[in-house]
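Worksheet for the structure shown next.
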Amino acid sequence: MSCLVIDLRLLRENPDLIRHSQQLRGESSQAVDDLADADNAHREALQRFEALRAEQKQLGKRVSRSSGDEKTELLRRTKELSTEVKGAETVVTTAAAALRAAQMAVPNIVAEGVVPGGEDDFVVVRTVGETSVPQPCRDHLELGESLGAIDMERGAKTSGARFYYLTGVGALLQQALLNLALQQAVDTGFTPMIPPVLVRPEAMEGTGFLGAHASEVYHLPEEDLYLVGTSEVALASYHSREVLDLAQPKRYAAWSSCFRKEAGSYGKDTRGIIRVHQFDKIEMFSYCRPEVAGEEHQKLLGFEEDMLAKMEIPYRVIDTAAGDLGSSAARKFDCEAWVPSQQRYRELTSTSNCTTFQARRLAVRYRDDNGKPRTAATLNGTLATTRWIVAILENHQQPDGSVRLPKALQPFMGREVLEPVA
RNA sequence: GGAGGCGUCGCAUAGUGGACUAGUGCAGCGGUCUUGAAAACCGCCAGGCGGGGCGACUCGUCUCGUGGGUUCGAAUCCCACCGCCUCCGCCA
């Protein structure tokens with residue numbers, strides 16, 4: 001009848017667990033109380049409707065078998081009942097809409113072990129590789145321009161700020177990077193995918209992107225379609241309303257362009273291709289049983305680190321604080337690459353364990369050992385993106401302005417070094 | 001973009017206003033028989049939500065693509081939308 005956001009049974013049995021989760025995220029627990037109220041109102045309305053409806057069905061059957069005065073009398077009563085049933089149904093519909101709205105306001109329950117707080121309260125899990133600041137240190141845009149790899153000015157001319165052209169070796173570099181990532185995914189058992197990037201509202205809503213971050217998303221009003229900010233949306237929607245065999249996790253790796261308004265980031269990262277409206281990404285996505293989701297999360301993180309190692313990029317892994325989780329995530333690990341020109345770490349990958357949050361909304365289920373359908377868990381993670389070019393160029397730049405290519409990339413590029421063009 | 005056809009339980013089909021409490025076949029699962037298998041026979045075999053019981057269960061309700069409408073009563077009649085198929089047009 002409806003897709004649930006928060007498990008309502010859990011809400012009834014243990015509302016404090018959800019309140020506590022809201023606290024960790026730094027959000028009001030009022031939403032939880034509102035949800036409980038809406039749930040009660042909905043159940044009451046439902047019970048009244050069902051009782052009336054049962055009576056209506058019973059009497060309705062007698063109408064067809066009766067005649068004469070009896071029939072006239074029955075018809076009089078069933079007509080009354082019909083009005084009452086319609087009224088009760090309207091109340092249910094209204095209560096259901098209110099319940100749904102209340103559900104949408106509550107994000108996923110934070111996993112155990114996640115630290116409270118916001119953007120700056122993360123935990124560093126580990127740091128890998130030696131960081132260095134080359135002398136001289138050119139930033140990725142300076143390098144990209146001299147290599148003939150990135151053209152921001154003409155991107156702006158054609159499409160506006162935060163758009164760019166990858167040109168020449170830049171175009172080849174991205175293609176090589178994404179090919180290598182997709183190759184790694186296929187080698188480790190992922191099914192490669194090229195998904196749609198325009199999706200329906202249900203797909204956006206089901207993955208949790210129409211909540212607080214709706215203003216981040218491009219929308220085509222005429223067709224009521226959304227441009228995805230990540231192929232996670234299309235991959236999660238792929239098995240919606242299906243019952244899967246999840247004896248083993250189902251893993252997909254998608255290539256897609258991604259589109260983001262970056263509405264809340266005026267003035268941030270305006271230089272180069274760190275934060276742009278359109279980029280390309282290889283995204284991993286897993287469907288699995290909820291009890292193995294934590295383990296699967298570590299695997300996705302491992303695959304991300306494998307790619308970073310292949311790119312020979314120094315990085316650290318952070319365990320994101322509760323306040324910095326997306327609404328669908330229970331836990332999130334980011335890999336942040338060392339960016340020499342900024343002398344700090346910047347996010348290159350992000351992997352989220354969405355537990356049953358998305359699958360419940362999208363009605364993705366599996367059969368348990370007793371053959372009963374249960375809600376699955378979903379996870380996602382980044383394997384490579386356009387932004388990786390920043391870390392590759394800057395970390396592997398040479399004093400003469402050339403860029404050494406990491407070994408793993410060389411076969412895909414057919415060369416070992418990128419040389420300045422002018 | 002235009003015209004027509006079609007959406008029923010995993011698959012295939014029946015059902016055109018009241019016994020539909022959605023029938024049947026296939027596939028699947030369990031059993032009987034058998035040394036074992038096949039065949040035959042018997043049983044089970046869509047999900048959501050709500051109520052009752054510790055529980056195997058049980059009662060009610062919703063769902064025949066989705067949402068409205070007509071009616072005392074809708075799988076069935078009407079409208080809109082979504083999807084699929086065929087043909088035409090256009091196009092990488």
Side-chain angles (χ1 to χ4, degrees), chain A residues 1-14 35-104 194-206 219-226 234 237-247 250 257 356-376:
Chain A
M1 189 172 181
S2 70
C3 24
L4 305 177
V5 178
I6 286 292
D7 189 335
L8 286 177
R9 288 194 183 92
L10 182 67
L11 173 77
R12 288 164 203 155
E13 285 162 17
N14 198 350
L35 179 55
D37 291 345
D39 178 38
N40 287 329
H42 176 247
R43 266 195 293 178
E44 238 168 74
L46 203 57
Q47 278 173 38
R48 185 175 130 77
F49 164 75
E50 286 182 1
L52 285 169
R53 179 74 176 136
E55 193 182 349
Q56 181 187 39
K57 284 171 84 168
Q58 292 259 321
L59 288 185
K61 272 176 195 157
R62 283 171 56 194
V63 169
S64 60
R65 285 186 299 238
S66 62
S67 59
D69 286 349
E70 196 194 355
K71 187 158 192 166
T72 313
E73 173 60 15
L74 273 173
L75 276 177
R76 193 187 61 75
R77 286 172 57 198
T78 49
K79 266 189 181 160
E80 269 173 27
L81 251 184
S82 177
T83 313
E84 281 184 66
V85 167
K86 277 197 180 108
E89 194 174 14
T90 305
V91 175
V92 171
T93 306
T94 309
L99 176 59
R100 188 173 169 73
Q103 286 173 318
M104 287 301 170
I194 296 181
V197 293
L198 282 170
V199 302
R200 295 193 158 159
E202 306 92 90
M204 281 315 258
E205 195 173 69
H219 180 228
L220 278 65
E222 201 170 322
E223 290 81 10
D224 198 15
L225 290 172
Y226 291 86
S237 181
Y238 187 65
H239 284 303
S240 66
R241 278 161 286 157
E242 294 182 19
V243 180
L244 307 174
D245 174 8
L246 289 182
K250 261 190 190 318
S257 291
T356 55
F357 185 87
Q358 293 179 332
R360 188 171 292 112
R361 292 181 171 205
L362 294 166
V364 181
R365 293 174 298 171
Y366 69 97
R367 290 205 187 276
D368 69 10
D369 296 334
N370 299 319
K372 292 279 175 223
R374 296 201 180 282
T375 303

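Reminder, nothing fancy here: chain letters follow the sequence lines and each chain counts from 1.
Distance A:Arg53 CZ to B:U71 C1': 12 Å, rounded to the nearest Å. To the nearest angstrom, P of B:G83 lies 12 Å from CD of A:Glu223. We find that CD of A:Glu242 is positioned 11 Å from P of B:C11, with the value rounded to whole Å. Rounded to an integer number of Å, the gap from A:His42 NE2 to B:G48 P is 16 Å. Protein atom NZ of A:Lys372 is 17 Å distant from nucleotide atom P of B:C29, rounded to whole Å. Atoms NZ (A:Lys61) and C1' (B:A74) sit 14 Å apart, rounded to a whole Å. Here B:G28 presents its P atom at 17 Å from CG of A:Asp245, a figure rounded to the nearest Å. One can place CG of A:Leu10 at 14 Å from P of B:C49, the figure rounded to the nearest angstrom.
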Taking only nitrogen or oxygen atoms into account, show me every contact under 3.5 Å that the protein makes with nucleotides 50-52 of chain B, one pair per line with its distance.
from	atom 1	to	atom 2	distance (Å)
B:G50	OP1	A:Arg12	NH1	2.9
B:G50	OP1	A:Arg12	NH2	2.6
B:G50	OP2	A:Arg9	NH2	3.3
B:G50	O2'	A:Gln47	NE2	3.4
B:G51	OP1	A:Arg43	NH1	2.6

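Put simply, A:Ser82 has no side-chain N or O that comes within less than 4.0 Å of OP1 or OP2 on B:U71. Between A:Arg200 and the phosphate of B:G83, there is a side-chain N or O to OP1/OP2 separation shorter than 4.0 Å. Using a 4.0 Å cut-off, no side-chain N or O of A:Lys57 falls inside it from OP1 or OP2 of B:A19.
Here A:Gln56 lies in heavy-atom contact (under 4.0 Å) with sugar-phosphate atoms only. No engagement by A:Arg62 is indicated, since no non-hydrogen atom pair under 4.0 Å with the nucleic acid exists. A:Arg365 comes within 4.0 angstrom of the backbone, heavy atoms only, and of no base.
Of the candidate nucleotides B:C72, B:G83, B:C62, B:C62 has the atom lying nearest to any side-chain atom of A:Phe49. Which of B:C82, B:G47, B:C72 sits closest to the side chain of A:Arg367 comes down to B:G47. Of the listed nucleotides (B:G18, B:G73, B:G47), B:G73 has the atom at the smallest distance from the side chain of A:Lys86. Listed candidates were B:U71, B:C72, B:C62. Nearest to the side chain of A:Lys79 is B:C72.
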request  = Verify side chain to side chain contact (heavy atoms under 4.5 Å, CB included) between A:Asp245 and A:Arg367, making sure each step is shown before the conclusion.
outcome  = CA-CA 6 Å; A:Asp245 174 8; A:Arg367 290 205 187 276; over 6 Å; no
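Annotation: B:U76 and B:A22 have their C1' atoms spaced 12 Å apart (nearest Å). For the C1' atoms, the distance linking B:C29 with B:A19 amounts to 30 Å, nearest Å. Rounded to whole Å, the separation between the P atoms of B:C42 and B:C6 comes to 38 Å. For the C1' atoms, the distance linking B:A37 with B:U32 amounts to 15 Å, nearest Å. For the C1' atoms, the distance linking B:C64 with B:G17 amounts to 16 Å, nearest Å. B:G83 and B:G89 have their C1' atoms separated by 22 Å, given to the nearest Å. With both ends at atom C1', the span from B:C62 to B:U21 equals 15 Å, rounded to whole Å. Spacing between B:U8 and B:A14 at atom C1', rounded to whole Å, works out to 10 Å.
Annotation for A:Leu198: atom CG counts as buried by contact number, over 12 foreign heavy atoms lying within 6.0 Å. Counting heavy atoms of neighbouring residues, nucleotides and ligands inside a 6.0 Å radius, atom CD of A:Glu73 exceeds 12 of them.
Under the Watson-Crick or G-U wobble criterion, with both distances below 3.5 Å, B:A46 is paired with B:U63. The partner of B:C26, taking Watson-Crick or G-U wobble pairs whose two distances both stay under 3.5 Å, is B:G10. The pairing partner recorded for B:C84 is B:G5, the criterion being a Watson-Crick or G-U wobble arrangement whose two distances lie under 3.5 angstrom. With a cut-off of 3.5 Å on both pairing distances, the Watson-Crick or G-U wobble partner of B:U32 is B:A40.
Within the model, atoms CG of A:Leu81 and CD of A:Glu55 stand 4.5 Å from one another, a figure rounded to the nearest 0.5 Å.
Under the rule for a side-chain contact (heavy atoms from CB on, under 4.5 Å), the partners of A:Leu246 that lie at least two apart in sequence or sit in another chain are A:Leu244, A:Lys250, A:Tyr287, A:Arg289, A:Tyr366, A:Ala376. Remark: A:Phe49 pairs with no residue by the ring-ring contact (aromatic ring centres under 6.0 Å, His included) rule, at least two apart or across chains. Every residue two or more places apart in sequence or in another chain that forms a salt bridge (Lys or Arg N to Asp or Glu O under 4.0 Å) with A:Arg374 is listed here: A:Asp368.
Each side chain to side chain donor-acceptor pair (under 3.5 Å) pair with one or both residues in residues 77-90 of chain A, not counting sequence neighbours, appears once here: A:Arg76-A:Glu80. Within the structure, salt bridge (charged side-chain N to carboxylate O under 4.0 Å, His left out) pairs that include any residue of residues 37-54 of chain A comprise A:Arg12-A:Asp39, A:Asp39-A:Arg43 (at least two apart or interchain).
Both A:Leu75 and A:Glu55 sit near RNA chain B, but only A:Glu55 has its closest nucleotide nearer the 5' end.
When all heavy atoms of A:Leu362 and A:Ser237 are compared, the pair lying nearest together is CD1-N, 4.1 Å.
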